[in-house]
**Q** 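There's a structure below that I have some questions on.
Start at 1 and go down the list; that is how both ligands and their atoms are numbered.
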Amino acid sequence: MKRTLAEPFKIKMVEPLRVTTESHRQQALQTAGYNPFLLNSDDVFIDLLTDSGTGAMSERQWAGMMQGDESYAGARSWKHLETVVKQLTGMDYILPTHQGRAAERILYGILGGKGKVFLSNTHFDTTRANIEFTGASAFDLMPDQALDLELELPFKGNIDLKKLEEAITHHRPENVAAVIMTVTNNSAGGQPVSMENIRAVRTICNNHNLMLVLDGCRIAENSYFIKQREAGYSDKTYEAIAREMLGLCDAFVMSAKKDGMVNMGGLLCLRDDKLGRECTNLLIISEGFTTYGGLSGRDMEAMAIGLTEVFDPDYLHYRIRSTAYLGEHLRKKGIPVVWPIGGHAVYVDAKKLYNQIPVHQYPGQMLVCDLYTKGGIRCVEVGSVMFGKYDENKKLIPAAHELVRLAIPRRVYTQSHIDYTIETFDDILELRHQPRGLRIVYEPPMLRHFTARFERL
Ligand code: F0G
């Protein structure tokens, strides 16, 4: 008999959740144009929109906040953060930024430009946007078999090494600005990347004299999967595994809003002196002085503590297993989910679940709306609303998949919240044969999923 996976923490402070009725939620959703990004959080019961910046800090982190040193230069809190991050990365240049995309803007602003190419297992959307903004191009190089949503692979977030070699030859090494490995691979279902894969990428980069960047906002979660699934790592600590991953890379970009266990913060870390100095200048111009970047002293103190706590074995076990708990129970109910379950989120295959709704009526967005109406649960469509494009006749070119992401904030919800979420899918199963979805009545030219408005058909 397996025991219940009890949360390895107890609750010291409570934040009330508002319980609403289905008719209240129907009204709220209509007002929000059937786009949960436009809902007020007070109208949401369980918020699974993102795991970014939505975690709960520990008592140690809150105590650290009180001790934050707000000096402009050389603050104690900065020294604390710098020491922790230097130990983790072994890199000389540690630049604090206000969040991940600020680090991306600085680094890719310098490396990018017209004619440059970036190659990755998968670029996260802000990564791609920051690269394309410079005039450069970004290519995702996933193995074909990883596109099979149900195929069980231990490291489904890996880059395809053959495609990487081919892309370098095709674009010519001198045009490749960097190879970026995203761990875990968020846009591909939060799937992990193996050490073997990163090591092979390092060898390829060495052969062509290319820079290797780790986008590691979920590096501790990736370390968990390596320890559990990759030969030779079962005796290593999670921190040692993370250090080994970082040791293979030239730069580290991190949104600390994930595994940094803070509500705001980011990092850009580099080895190279010339690039380190260039990025430092841009940091000072756009974020802040080198010893605070985009952060206050208390933020840096909390991040230094969070980056230590995240590698705690009890925490990481609870974290990964509780995400899997949600996914496994949904699968048992007959809900099609991306398999295996990744680290920070469960992805539902809405095209398969709502198979009567055509893709141009956005089955994923319909599921997002139904989860909110039925259970007050907020999540996000990762399908043709987010990634769809139009052809010259304004006909939708759909995304490869119609997914819905249920992202789990860190240390926030208990098992009963997750059980409640699982139960809400009983109501969803009753709706699975509905024939109609939504149509877009307003959309901006870029990143439309944030502000688009819909109408029910
Ligand atoms: N890289 C990855 C892999 C991410 O998942 C994110 C953010 C970023 C970079 C950008 O970091 O938000 O601090 O500027 N992902 C969030 C999400 C927004 O919901 O998955 P940021």
Side-chain angles (χ1 to χ4, degrees), residues 36-37 41 47-55 95-109 118 120-133 138 140 142 156-159 178-193 198 213-222 225 245 249 251-269 283 286-287 293-295 299 302-303 306-307 310 323 338 342-347 368 378-383 385-387 403-410 412 447 449-450:
F37 274 106
S41 64
D47 207 342
L48 307 182
L49 189 63
T50 178
D51 65 321
S52 181
T54 52
L95 281 57
T97 61
H98 81 275
Q99 65 181 82
R101 68 198 71 181
E104 291 174 341
R105 177 176 47 78
I106 292 171
L107 181 61
Y108 305 136
F118 289 80
S120 176
N121 49 347
T122 314
H123 297 84
F124 180 67
D125 50 15
T126 60
T127 317
R128 174 177 288 280
N130 272 295
I131 288 170
E132 291 177 349
F133 190 70
D140 297 337
M142 293 285 291
K156 222 173 168 178
N158 282 356
I159 197 169
V179 178
I180 305 169
M181 291 298 285
T182 310
V183 301
T184 55
N185 192 336
N186 183 8
S187 310
Q191 300 288 337
V193 175
I198 302 175
V213 181
L214 196 76
D215 178 349
C217 59
R218 299 181 181 88
I219 189 170
E221 294 173 6
N222 202 78
F225 288 109
M245 268 187 269
C249 299
F252 177 46
V253 175
M254 182 185 203
S255 165
K257 298 168 75 171
K258 286 85 166 170
D259 277 352
M261 307 283 256
V262 286
N263 302 111
M264 192 52 75
L267 289 167
L268 171 57
C269 310
L283 179 84
S286 61
E287 286 283 291
L295 297 169
D299 292 334
M303 201 202 293
L307 282 170
V310 75
T323 305
V338 174
H344 68 294
V346 173
Y347 293 71
V368 163
R378 175 157 71 170
C379 48
V380 63
E381 191 255 22
V382 184
V385 174
M386 196 181 267
F387 295 122
L403 303 178
V404 165
R405 182 180 83 168
L406 307 168
I408 320 286
R410 292 166 181 76
V412 169
L447 296 174
H449 57 285
F450 288 122

**Q** Between ligand 1 and R218, can you find any atom pair, the residue atom being a heavy atom, that is separated by under 4.0 Å?
**A**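 Yes, R218 has a heavy atom closer than 4.0 Å to ligand 1.
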**Q** Has ligand 1 got any nitrogen or oxygen that is less than 3.5 angstrom from a nitrogen or oxygen of G100?
**A**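 It does: an N or O of G100 is found under 3.5 Å from an N or O of ligand 1.
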**Q** Can D51 and K258 be said to form a salt bridge (charged side-chain N to carboxylate O under 4.0 Å, His left out), step by step?
**A** CA-CA 6 Å; D51 65 321; K258 286 85 166 170; 5.9 Å; no
**Q** Which atoms of ligand 1 are found less than 4.0 Å from any heavy atom of K257?
**A**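 Heavy-atom distances to K257 below 4.0 Å select 13 (O).
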**Q** List every atom of ligand 1 that sits less than 4.0 Å from any heavy atom of R405, numbering the atoms from 1 in the order shown and giving each element.
**A**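 Result: 17 (C), 19 (O), 20 (O).
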**Q** Look at atom 8 (C) of ligand 1 and say which protein heavy atom is nearest, naming residue and atom and giving the distance to 0.1 Å.
**A**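 Of the protein heavy atoms, F124 CD2, 3.5 Å lies nearest.
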**Q** Quick one: OG1 on T127 to CG on D140, what's the gap to the nearest 0.5 Å?
**A**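 Here the rounded value is 9.5 Å.
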**Q** With heavy atoms of D215 as the reference, note each atom of ligand 1 found under 4.0 Å away.
**A**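 Listed by number with element: 1 (N), 2 (C), 3 (C), 9 (C).
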**Q** Suppose I only count heavy atoms of R101 and a 4.0 Å limit; which atoms of ligand 1 are within that range?
**A**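 Under 4.0 Å from R101, ligand 1 has these atoms: 11 (O), 12 (O), 14 (O), 21 (P).
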**Q** When you compare ligand 1 with T126, is there at least one nitrogen or oxygen pair between them that comes in under 3.5 angstrom?
**A**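 No, since none of the N or O atoms of T126 sits under 3.5 Å from an N or O of ligand 1.
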**Q** Pick from V213, D215, L214, L268: which one makes a side chain to side chain contact (heavy atoms under 4.5 Å, CB included) with F252?
**A**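 The passing option is L214.
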**Q** Please verify whether a non-hydrogen atom of M254 lies at under 4.0 Å from ligand 1.
**A**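 Heavy atoms of M254 never come under 4.0 Å of ligand 1.
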**Q** Which ligand 1 atoms, with their elements, are less than 4.0 angstrom from a heavy-atom of S255?
**A**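 Those of ligand 1 that fall under 4.0 Å from S255 are 11 (O), 13 (O), 21 (P).
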**Q** Would T50 count as a polar contact of ligand 1, with the cut-off being nitrogen or oxygen pairs under 3.5 Å?
**A**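 Indeed, backbone or side chain, T50 has an N or O that close.
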**Q** What atoms of ligand 1 come within less than 4.0 Å of a heavy atom belonging to E104?
**A**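 In order of numbering, the contacting atoms are 1 (N), 9 (C).
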**Q** Please report which non-hydrogen protein atom sits nearest to atom 21 (P) of ligand 1, along with the residue it belongs to and the distance in Å to one decimal place.
**A**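 That would be Q99 NE2, 3.3 Å.
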**Q** Does any N or O atom in T182 lie less than 3.5 angstrom from one in ligand 1, N or O only?
**A**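 Between T182 and ligand 1 (N or O atoms, distance only) the closest approach is not under 3.5 Å.
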**Q** Say whether N186 and H344, considering side chains only, have a donor N or O and an acceptor N or O under 3.5 Å apart.
**A**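 A pair is found: one side chain offers a donor N or O, the other an acceptor, under 3.5 Å apart.
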**Q** To which protein heavy atom is atom 7 (C) of ligand 1 closest, and what is the distance rounded to 0.1 Å?
**A**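 Here the closest protein heavy atom is K258 NZ, 2.5 Å.
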**Q** Of all the heavy atoms in C217, does at least one lie under 4.0 Å from an atom in ligand 1?
**A**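 Yes, C217 has a heavy atom closer than 4.0 Å to ligand 1.
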**Q** For N186 and ligand 1, does the shortest N/O to N/O distance drop below 3.5 Å?
**A**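 Yes - when backbone and side-chain N and O of N186 are compared with those of ligand 1, one distance drops under 3.5 Å.
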**Q** Geometry only, no angles: is D51 polar-contacting ligand 1 at N/O separations under 3.5 Å?
**A**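 Min N/O separation from ligand 1 is not below 3.5 Å for D51.
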